[in-house]
Amino acid sequence: MPTALITGASGGIGYELAKLFTRDHHNLVLVARSADKLGQVATELQPCGIDVKTIALDLAAPPAPKFLFDQLQREGIGIDILVNNAGFGAFGEFAEMSEEEILGQISLNITALTELTRLFLPSMIARRSGRILNVASTAAFQPGPLMAVYYATKAYVLSFSEAIANELRGSGVTVTCFCPGATHTGFARRAGTETSRLFKQIGAMSAERVARDGYRALMSGRTTAISGAHNWFAAQSTRFAPRKLVTAVSRWVAEKSE
Ligand SMILES: NC(=O)c1ccc[n+]([C@@H]2O[C@H](COP(=O)([O-])OP(=O)(O)OC[C@H]3O[C@@H](n4cnc5c(N)ncnc54)[C@H](OP(=O)(O)O)[C@@H]3O)[C@@H](O)[C@H]2O)c1
């Protein structure tokens with residue numbers, strides 16, 4: 001049975017992805033900070049006849065990706081599919097944002113994702129088989145005033161993923177960058193964007209539906225996938241409109257809804 005490692009699997013999109021892997025008979029390694037929530041997910045999924053290992057870890061702490069890799073090596077658990085899903089955003093003007101929030105987003109959304117990819121990729125290449133799913137966002141396609149760091153981290157994820165997907169052509173390893181738009185999860189609460197126009201007026205998709213789109217893209221080896229037709233059109237529109245206009249619209253969408 002193949003094994004999938006999912007970061008951020010204690011809730012939201014990661015949890016829904018874990019259910020899809022379970023349905024298709026994959027053993028799971030689930031990572032997030034909260035041990036109790038991971039335990040609940042394991043209790044729910046284990047009766048489906050798969051092995052579920054949970055590891056409670058703050059991936060934003062620099063040694064965490066290596067710690068995770070070393071622990072799995074020691075236990076002889078090989079990873080066939082890596083899902084870099086854990087991520088968070090913080091709302092507010094950059095000049096007023098705390099160092100912790102700024103560096104935390106960069107550490108989790110960029111550094112941990114890159115480091116986990118670096119660590120797990122060589123064995124996939126050696127086996128000539130493996131899949132990596134990097135969860136970016138439609139935020140990757142334009143600058144994001146009021147969430148400047150978050151949007152920039154997701155632009156990194158898109159660029160990085162597409163580049164290495166190209167490098168890995170013919171290797172047997174696929175890299176998929178998955179870009180959800182607004183989705184009903186714990187994300188907006190943590191980010192402080194529950195009252196934004198994006199979430200209140202434009203509306204969010206269900207985590208279940210979004211995870212299905214991501215899972216399908218991963219399993220078909222697509223390089224880039226955007227969840228939802230409206231999100232696809234919005235992302236494409238940024239390619240032709242003037243950059244200043246795109247940035248202004250992005251701010252309007254992020255602002256609080258009256
Ligand atoms: N929801 C949206 O509107 C939306 C839109 C586009 C893209 N995305 C992206 O989708 C991905 C999943 O987000 P979500 O919407 O499912 O959010 P979520 O409901 O907040 O889930 C985030 C997951 O990441 C884990 N996590 C957070 N910080 C962590 C850390 N430092 N170390 C380890 N695990 C950590 C959380 O568990 P613990 O709290 O237990 O650590 C949770 O399992 C993220 O990369 C996000 O940027 C979300």
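Atoms considered below: every heavy atom in the structure, side chains included; atoms not considered: hydrogens, waters and symmetry mates. Both counts, for ligands and for their atoms, begin at 1 and track the order of listing.
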Distance-only polar pair, side chains of Glu162 and Thr223, donor-acceptor under 3.5 Å: no
Proximity of Asn109 to ligand 1 by residue part, where a heavy atom lies under 4.0 Å: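 For Asn109, there is no contact with ligand 1 at all, from either part.
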Proximity of Phe178 to ligand 1 by residue part, where a heavy atom lies under 4.0 Å: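 Under 4.0 Å from ligand 1, Phe178 contributes no heavy atoms.
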Among all protein heavy atoms in this structure, tell me which lies nearest to [atom], with the distance rounded to 0.1 Å.
{"atom": "atom 26 (N) of ligand 1", "result": "Ala86 CB, 4.2 Å"}
{"atom": "atom 42 (C) of ligand 1", "result": "Ser10 OG, 3.5 Å"}
{"atom": "atom 28 (N) of ligand 1", "result": "Arg190 NH1, 3.0 Å"}

Between Phe88 and Phe187, ring centroids under 6.0 Å: no
Numbered atoms and elements of ligand 1 in range of Ala182, under 4.0 angstrom, heavy atoms: 3 (O)
Element-labelled atoms of ligand 1 that are located less than 4.0 Å from some non-hydrogen atom of Leu57: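 Reading through ligand 1 atom by atom, the close ones are 32 (N), 33 (C).
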N or O pair under 3.5 Å between Ile13 and ligand 1: yes
Identity of the nearest option to atom 22 (C) of ligand 1, non-hydrogen atoms only, from Gly14, Gly12, Gly87: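 Result: the heavy atom closest to atom 22 (C) of ligand 1 is in Gly87.
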Verify same cluster id: Leu17, Val29 (apolar side-chain graph, 4.5 Å): no
